[in-house]
Amino acid sequence: MTDFFKNKALGILPCILIAGISTFLATINIGSFSFEVIGAPVFAIVLGMIVTAVAPKFATGDSIKQGITFTSKKILQWAVIILGFTLNIKTVVSVGGKSLPVIIATIGVSLLVAFLMCRIMRVNKNVATLVGVGSSVCGGSAIAATAPVIDADDEEIAQSISVIFLFNVIAALIFPTLGNAMHLSNDGFALFAGTAVNDTSSVTAAASAWDSMMNTNGIVLAQATTVKLTRTLAIIPITVVIALFRTRRAKKSGAEGTKVSIKKIFPWFIIYFVAASLITTLVAYLPESSFTAFYADYFVKGAKWLAKFFIAMAMCAIGLNTNIVTLVKKGGKPIALGFTCWVSIAAVSLLMQRVLGYW
């Protein structure tokens, strides 16, 4: 334990500090605009990149670098495990079958578009995977869960987070007006926002704006958030499939040469993540008691806050390891990929509503 603090504390502490500042910034409101739309992880990664740009040698010292690397890798994995406690598989049942066809269609199209654009535009495979998963499931959380599985480096994660953030903000700003122009119902816009906007904060921002426009007393916000949480559950099968595929491919590549250790290759934190979500689901089936009330009101909410804070810490560490100049120079293709995924998801969400008779 002493060696841990000696070798890593100097790198972890700046990440905690910047994550704290970022969490505070995300609570600020200026007029009708809430910085929650941007979110603490984006503030953290930007502040991290700014620190590195201003003081390039800050993250190069051995003791600091070890702590930053630990935060960007291990703390990120811990965040994903804790995130599992905030996911209740029972949500799928409670939402019903109405949103599931739309969710499945949008996720499938986004992943397919990301795959095709990766081939056509020759986008980095890891970036394409992260943008595709982030666009289709739940933005930063999906990227955080997938990045360790595919061994994405900090620059690839930073590019993907930046792309997701860009289209999150655009969606939160224009989707309420777009939905109104298309004469969507309250239920229709809730389904549209919940399936076509990436990050939970942006979903809530768009839904809240709609509630204010239509004076619906928070009905759409509750529905859109529920659809979004159902969509978030896709993290589980997607990351497990990617992990199994990567493990199988590594095993085949090592068959003719060096022996491959499946134990070392497989991202075991995903198993803990799934186990955490199963625990929360099982608790939901228990008879109401002081324990279940405590679990729902305090434990799950505390886990959600801690997961977000850990993700902000990890994003700060990634920012500290990222050269912002290089990021901007290489950003064209990922942005084009993200735009294509974003437009495809929005179009399919509306198309599925039309086909199913919801709109």
Side-chain angles (χ1 to χ4, degrees), residues 41 72-84 86-87 89 92 103-119 121-161 163-164 198-199 230-255 260-278 307 310-311 314-315 318 333-334 337-338 340-342 344-345:
S72 68
K73 304 297 182 184
K74 292 297 182 181
I75 296 292
L76 184 58
Q77 292 181 13
W78 293 356
V80 174
I81 294 169
I82 295 169
L83 188 66
T86 72
L87 300 178
I89 299 174
V92 175
I103 291 171
I104 292 170
T106 52
I107 290 175
V109 166
S110 177
L111 294 176
L112 178 61
V113 167
F115 173 77
L116 293 176
M117 292 295 288
C118 176
R119 292 296 184 89
M121 298 179 61
R122 295 183 181 179
V123 181
N124 176 287
K125 288 183 180 180
N126 281 353
V127 172
T129 301
L130 294 178
V131 170
V133 172
S135 298
S136 62
V137 182
C138 59
S141 297
I143 290 173
T146 308
V149 177
I150 62 175
D151 282 339
D153 61 33
D154 289 350
E155 185 176 304
E156 291 165 344
I157 298 172
Q159 282 186 335
S160 305
I161 288 286
V163 169
I164 296 300
N198 299 330
D199 203 72
T230 305
R231 180 178 159 205
T232 301
L233 292 172
I235 293 178
I236 297 172
I238 288 175
T239 51
V240 169
V241 168
I242 291 174
L244 292 173
F245 175 77
R246 179 176 174 272
T247 303
R248 183 181 177 186
R249 185 176 61 183
K251 186 177 181 180
K252 283 185 176 180
S253 65
V260 175
S261 172
I262 302 302
K263 184 178 180 180
K264 292 182 178 180
I265 295 173
F266 189 82
W268 294 101
F269 75 95
I270 292 296
I271 302 299
Y272 301 129
F273 167 72
V274 175
S277 66
L278 288 175
F310 275 7
I311 289 175
M315 292 305 109
I318 288 166
K333 288 183 178 181
L337 170 65
T340 308
C341 289
W342 180 60
S344 300
I345 290 171

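Every heavy atom of this structure was used, including side-chain atoms; hydrogens, water molecules and symmetry mates were not. Only a predicted model underlies this, so the values are computations on that prediction, with no experimental measurement involved. The chain is numbered in sequence order, starting from 1.
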I need the minimum non-hydrogen distance between [X] and [Y], along with the two atoms involved.
X    : Y    : answer
V133 : A142 : CG1-CB, 3.6 Å
L130 : A152 : CD1-CB, 3.8 Å
F273 : L83  : CE1-C, 4.2 Å
Q77  : P148 : NE2-CB, 4.0 Å
V131 : G338 : CG1-CA, 3.7 Å
S344 : V109 : CB-CG1, 3.8 Å

Quick one: [atom1] on [X] to [atom2] on [Y], what's the gap to the nearest 0.5 Å?
X    : Y    : atom1 : atom2 : result
Q159 : I161 : CD    : CD1   : 12.0 Å
S135 : I107 : OG    : CD1   : 11.5 Å
W78  : I311 : CH2   : CD1   : 14.5 Å
N124 : E156 : CG    : CD    : 4.5 Å
K73  : I318 : NZ    : CD1   : 7.5 Å
D151 : N126 : CG    : CG    : 8.0 Å

Subject >> Any side-chain heavy-atom pair of I345 and V113 under 4.5 Å >> reply: no
Using modelled atom types only, decide if a donor and an acceptor are shared between the side chain of [X] and the backbone of [Y] within a distance under 3.5 Å.
X    : Y    : value
T146 : I143 : no
S110 : T106 : no
T239 : I236 : yes

Original post:
Taking only residues at least two apart or on different chains, which pairs with a member in residues 121-145 satisfy salt bridge (Lys or Arg N to Asp or Glu O under 4.0 Å)?
Top reply: none
**OP:** Would you check, one step at a time, whether the test side-chain contact (heavy atoms from CB on, under 4.5 Å) holds for L337 with V163?
**Re:** CA-CA 9 Å; L337 170 65; V163 169; over 6 Å; no
Original post:
Given V137, which of N198, I238, L111 fulfils the side-chain contact (heavy atoms from CB on, under 4.5 Å) condition?
Top reply: I238
Original post:
Which residues satisfy the salt bridge (charged side-chain N to carboxylate O under 4.0 Å, His left out) test with D153, sequence neighbours excluded?
Top reply: none
Subject >> side chain to side chain donor-acceptor pair (under 3.5 Å) partners of T232, counting only residues at least two apart >> reply: K228
